[in-house]
Amino acid sequence: MAADNTFDVVVIGAGPGGYIAAIRAAQLGLRVACVDAWRNEKGGPAPGGTCTNVGCIPSKALLHSSENYENATRHFGDHGIRIESAGIDVEKMVARKATIVRQNNEGIVYLFKKNGVTFFHGTGRFEARDADGYRIAVAGSDTVLSAPQVIVATGSVARPLPGLAFDEARVLSNDGALAIRQVPRRLGVIGAGVIGLELGSVWRRLGAEVTLLEVLPAFLPAADEQIAREAFKQFTRQGLKIQLGVNIEGVDTGADAIKVRYLDSNKAAQTLECDKLIVSIGRLPNTEGLNGQAIGLKLDERGFIEVDADCRTGLPGIWAIGDVVRGPMLAHKAEEEGVAVAETIAGQHGHVDLDTVPWVIYTAPEIAWVGRTEQQLKAAGQAYRAGTFPFAANGRARAMGDTVGFVKCLADAQTDRLLGVHAVGPMASELIAEAVLAMAFGASSEDIARVCHAHPTLSEATREAALGVEGRALNI
Ligand code: FAD
Ligand code: NAI
């Protein structure tokens, strides 16, 4: 083996977990290689993983484009803006998305160069453990990397409905759903979770008739119930048809239409006909091609790599982070773990607090939260106080013409320590950062309430919700 293929750390996977881990380890003076298998349309490298290629970034590009279209066609009139005729060029919208993805791929290549991370394109496959550490072959080449420390960041893949393979032309995972080139007349979505709501919103805004079929009787059960109720009301008002408590019996992919046979919540047999079907029923950890057996890497019963709270696997020097391990499947959680593991390898004290990882759903209204929901606090028997504040009473939201939703703060009844903050409404994704910071510092609701917030801003709604915990909101 060539001496220059010996590293201090090899990172397998260049999604947000892996590429950030590689950069942080290199910043700390370690000799780092990162190997990633993702291929662009031309077969070339496309680092960034699911997030950059078929996840966070392209979905937000399409959400933004489609929201602009909806604003132009439905809401600009309220501002006195007359648009005689507005149209949508889906090819151009998708091409714009592709450009943004490419810019992000190139950005990561640049960051690797800047930080001295050596990048290999191909599938990393464990070969063996020896006295120097671990050997990893890069498939498709005769390159073999060696390192005493390996960070596995191989991410996740879409979960198919049993018996229904993705063809990415009509039966779509997130991959195909982000590359639709013509607005479908009827779009079916199985699973009313995060992907279903975000991508369902994109195509509804552009004119598709969108129906979501969800197995659970409750809508967005991970969100605070009050927030989920408001979101459900808004989404159905916008035209998303959301059926809860259904049981999918089978899917026929006939030539003229896809037919989804299901039992509705009353156990009555129904058929949904659609032209395209997105299946978004969660994601599975990805360890394919890794050949973890060669070194004895352990998976749990659901296929995730087993790790402790610090992302250590049972094997010395082998770490795993991001979607391939327990915890929320979110890019920023993967990044946090990547930084923490790199710092721990370098002898520092890396740490991730899963309790302050924020959640965001980028629909309109946006939904965002951090910490506990009201139903979780009730179930745990924890005494709390709640304060809510509607955007309808916020000056900036009125000026924007975007007054749907509210912010809600939950605080310990005795100590006033913040236990959870929830928002549904404009820019909730940005507003939640203040709440995450407050919770990470162990703040009380009074701490937020006593901090000066610029006027007029949406963030004043957070402050008013915090004041509301003590029953002393000022503007309602
Ligand atoms: P991944 O991003 O999946 O990257 C893993 C990488 O490893 C891939 O490039 C893969 O090719 C590579 N790989 C796998 N096996 C090997 C191997 N053996 N050798 C070499 N390379 C290998 N999260 C958010 O926080 N915000 C969002 O807005 C958001 N939107 C999303 C929208 C969609 C449609 C989807 C599907 C997901 C979204 N997510 C979002 C989730 C987010 O994409 C994931 O949580 C995140 O990408 C996980 O990062 P990761 O580094 O663990 O894995
Ligand atoms: P999800 O877990 O958010 O939603 C899946 C939904 O499908 C659930 O409501 C589930 O009850 C339902 N479901 C499962 N099996 C079903 C069946 N047989 N029939 C009908 N419904 C069924 O998963 P999703 O939307 O696939 O997204 C995967 C993950 O990607 C998310 O959990 C999240 O971690 C990440 N993501 C994050 C985003 C963000 O942060 N904004 C955006 C998109 C994805």
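Everything quoted here is computed from the prediction, not taken from an experiment. Counting starts at 1 for both ligands and their atoms, in listed order.
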Task: Asn286: numbered ligand 1 atoms lying under 4.0 Å from its heavy atoms - done: 14 (C), 15 (N)

Open item on the list: For ligand 1, which is the ligand I care about here, please tell me if Leu330 has any N or O atom under 3.5 Å from one of the ligand's N or O atoms.
Closed with: yes

Open item on the list: Other residues, nucleotides and ligands only: do more than 12 of their heavy atoms fall within 6.0 Å of CD on Gln348?
Closed with: yes

- [ ] Output the list of atoms in ligand 1 that are nearer than 4.0 Å to some heavy atom of Tyr362, sorted by atom number.
- [x] 28 (O)

- [ ] Please write down residue, atom name and distance for the protein heavy atom closest to atom 28 (O) of ligand 1.
- [x] Lys60 NZ, 2.7 Å

Open item on the list: Tell me whether Val54 reaches ligand 1 (any heavy atom closer than 4.0 angstrom to a ligand atom).
Closed with: yes

Task: N or O contact, Thr50 vs ligand 1, cut-off under 3.5 Å - done: yes

Open item on the list: Among all protein heavy atoms in this structure, tell me which lies nearest to atom 7 (O) of ligand 1, with the distance rounded to 0.1 Å.
Closed with: Gly13 CA, 3.3 Å

Open item on the list: What protein heavy atom lies closest to atom 53 (O) of ligand 1? Include the residue and the distance to one decimal.
Closed with: Gly155 CA, 3.1 Å

Open item on the list: Quick check on contacts: which atoms of ligand 1 are under 4.0 angstrom from a heavy atom of Gly49?
Closed with: 2 (O), 4 (O), 8 (C), 9 (O)

Open item on the list: As an exercise, identify every atom of ligand 2 less than 4.0 angstrom from a heavy atom of Val360.
Closed with: 39 (C), 40 (O), 41 (N)

Task: Identity and distance of the protein heavy atom lying nearest atom 32 (C) of ligand 1 - done: Gly55 C, 3.3 Å

TODO: Please say whether Met329 places an N or O atom under 3.5 Å from an N or O atom belonging to ligand 1.
DONE: yes

Open item on the list: Tell me whether ligand 2 is touched by Pro328 - counting only heavy atoms on the residue side and a distance under 4.0 Å.
Closed with: no

Open item on the list: What protein heavy atom lies closest to atom 9 (O) of ligand 1? Include the residue and the distance to one decimal.
Closed with: Asp36 OD1, 2.7 Å

Open item on the list: Please check whether His332 reaches ligand 1 - meaning an N/O of the residue sits under 3.5 Å from an N/O of the ligand, judged on distance alone.
Closed with: yes

TODO: Show which atoms of ligand 2 fall inside a sub-4.0 Å distance from at least one heavy-atom site of Arg159.
DONE: 14 (C), 15 (N)

TODO: Tell me which part of Arg283 gets within contact of ligand 1: side chain, backbone, both or neither, using heavy atoms under 4.0 Å.
DONE: side chain

Task: Identity and separation of the nearest protein heavy atom to atom 44 (C) of ligand 1 - done: Asp323 OD2, 3.3 Å

Task: Part of Ile281 within contact of ligand 2 (heavy atoms, under 4.0 Å) - done: both

Task: Identity and separation of the nearest protein heavy atom to atom 25 (O) of ligand 1 - done: Ala331 N, 2.9 Å

Task: Where ligand 1 meets Gly17 - atom numbers and elements under 4.0 angstrom, heavy-atom basis - done: 51 (O)

- [ ] Around atom 15 (N) of ligand 1, find the nearest protein heavy atom and jot down its residue, atom name and distance.
- [x] Thr154 CG2, 3.2 Å

Open item on the list: I want to confirm something. Looking only at heavy atoms, which of Cys34, Pro16, Gly15, Ala37 is nearest to atom 49 (O) of ligand 1?
Closed with: Pro16

Task: Smallest separation among heavy atoms of Ala294 and Glu127, with atom names - done: CB-O, 3.6 Å

Open item on the list: Check contact between Asn247 and ligand 2, using heavy atoms of the residue and a distance below 4.0 angstrom.
Closed with: no

Open item on the list: Taking distance alone, with N or O pairs closer than 3.5 Å, would you say Leu178 contacts ligand 1?
Closed with: no

Task: Under 4.0 Å to a heavy atom of Ser156 - the qualifying atoms of ligand 1, by number - done: 3 (O)

